Amino acid sequence: SGEIKRFLRDDGMVKVSRTLKENGWKIKQTAEKISYEQGREATLEEISKLTELSIEDIVMAMEANVEVESIYKSVYQ
Amino acid sequence: MRNEMTMEFDAISENEAFARISVAAFISFLNPTLEEMSDVKTAVSEAVTNAVIHGYDGIEGGKVVINCLIEKDVLHIEVIDKGKGIENIERAMEPLFTTKPELNRSGMGFPFMEAFMDDLEVISEPDKGTIVQMKKKIGCTSWIEDEE
Amino acid sequence: MRNEMTMEFDAISENEAFARISVAAFISFLNPTLEEMSDVKTAVSEAVTNAVIHGYDGIEGGKVVINCLIEKDVLHIEVIDKGKGIENIERAMEPLFTTKPELNRSGMGFPFMEAFMDDLEVISEPDKGTIVQMKKKIGCTSWIEDEE
Ligand SMILES: Nc1ncnc2c1ncn2[C@@H]1O[C@H](COP(=O)(O)OP(=O)(O)O)[C@@H](O)[C@H]1O
Ligand SMILES: Nc1ncnc2c1ncn2[C@@H]1O[C@H](COP(=O)(O)OP(=O)(O)O)[C@@H](O)[C@H]1O
Ligand SMILES: [Mg+2]
Ligand SMILES: [Mg+2]
């Protein structure tokens with residue numbers, strides 16, 4: 001729908017979404033691994049150490065994921 | 001530890017992502033989990049969207065203010081608009097209640113804020129505006145322990 | 001298109017990343033290239049670091065203000081502190097000039113801001129504070145062309 005198109009067009013971050021999405025995948029894998037091993041949620045610092053991504057990159061990558069989720073949300077609305 | 005920020009921006013939907021990312025970046029040094037970060041982002045998104053869509057519905061030039069205060073491991077957020085205000089706050093906070101069904105609003109903004117944050121308070125006056133106050137404890141305090 | 005935001009935060013080094021990310025998020029709807037984005041982030045980082053390290057050197061409770069205005073495809077940024085100020089602005093802006101060699105400062109903050117932005121102006125008064133004004137045209141205007 002127009003909503004999704006506007007969304008993709010308006011957001012400059014879509015341009016960098018490939019790396020961000022790859023990072024997003026790496027972050028989620030790592031978070032799952034930590035929470036499986038520790039029996040609790042992984043923190044930003046722990047994820048940063050294991051992925052060698054900066055806190056800043058993790059914040060941005062998680063934003064890219066939010067966007068993917070929002071796109072799905074608008075699709076199913 | 002105390003850290004404070006405040007931001008004010010044009011009430012346009014393009015700024016919703018900006019607000020959400022800024023708050024996420026602001027709290028990141030508290031060492032949150034991904035889930036805590038995403039909870040806070042969802043709550044901020046809903047509150048800012050409400051300010052833009054409902055508060056300034058049809059009003060040009062509105063501004064949204066976000067105040068963030070971190071005190072120890074508790075995050076306090078206020079999202080403020082000077083728009084139309086809410087007549088019946090209790091009813092507005094009920095799940096599925098919306099005054100904009102035509103925009104596909106789900107009426108789940110306030111229930112989400114309530115679910116994802118530890119505390120939610122809404123102060124509003126018709127034609128004066130709305131203040132949404134939220135609190136959340138960020139669980140992992142390793143950063144604070146590291147402080148000398 | 002016009003879009004404006006202003007933010008104020010505690011002058012602590014933890015907030016430098018927050019400021020940089022926020023400005024990046026604010027300009028992202030202008031559809032910048034990665035390079036433009038990174039240029040702006042570098043300039044903001046340098047200006048905020050200067051406010052914290054030089055402006056409020058040894059002063060508790062200082063605040064940094066960032067004003068951002070997007071007018072068409074031009075970004076205007078102001079980074080403001082109410083700290084010590086600069087006695088000789090011309091000399092301060094010279095490459096490699098630093099009053100803090102002991103902190104491994106490179107003296108390249110102002111030269112970087114000048115290189116990465118299209119325009120740099122510094123207004124300062126001893127014991128009043130410093131205003132760093134920067135401008136940059138963001139090249140990709142597809143978003144603006146698409147507007148009806
Ligand atoms: N900032 C605000 N200003 C004015 N009215 C608001 C504001 N926020 C919420 N409301 C009112 O409360 C209702 C419920 O809000 P919410 O739970 O977010 O659902 P929705 O946004 O999907 O309608 C809205 O439909 C609107 O009538
Ligand atoms: N906001 C400020 N307040 C006071 N002095 C400043 C400020 N910004 C810069 N200066 C002065 O200008 C000098 C040069 O700044 P800069 O080029 O960023 O180099 P550096 O930060 O590495 O010293 C600083 O060493 C300092 O003396
Ligand atoms: Mg809502
Ligand atoms: Mg410097």
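Values below: every heavy atom of this structure, side chains too, minus hydrogens, waters and symmetry copies. Just so you know, these numbers come straight off a predicted model, no measurement behind them. We name chains A, B, ... by the order of the sequence lines, and we start the count at 1 in each one.
Within 6.0 Å of the NZ atom in B:K82, the count of heavy atoms belonging to other residues, nucleotides or ligands does not exceed 12. Within 6.0 Å of the NZ atom in B:K128, the count of heavy atoms belonging to other residues, nucleotides or ligands does not exceed 12. A 6.0 Å sphere centred on CD of B:E87 holds no more than 12 heavy atoms belonging to other residues, nucleotides or ligands. The 12-atom threshold is not exceeded at CD of A:E52, counting heavy atoms of other residues, nucleotides or ligands nearer than 6.0 Å. Within a 6.0 Å radius of CD in B:E90, no more than 12 heavy atoms belonging to other residues, nucleotides or ligands are found.
Between atom NZ of residue A:K28 and atom CG of residue B:L34 there is a gap of 8.0 Å, rounded to the nearest 0.5 Å.
A donor-acceptor contact shorter than 3.5 Å is absent between the side chain of B:N31 and the backbone of A:T43.
In this structure, chain B has a heavy atom under 4.5 Å from the side chain of A:A31, while its backbone stays farther away.
When all heavy atoms of A:V59 and B:A25 are compared, the closest pair comes out as CG1-N, 4.3 Å.
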Inset, instruction - Check the pair B:T33 / A:R40 against side-chain contact (heavy atoms from CB on, under 4.5 Å), numbers first and verdict last. - result: CA-CA 10 Å; B:T33 65; A:R40 58 164 176 79; over 6 Å; no
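When side chains are defined from C-beta on, A:M62 counts as touching B:K41, because their heavy atoms get closer than 4.5 Å.
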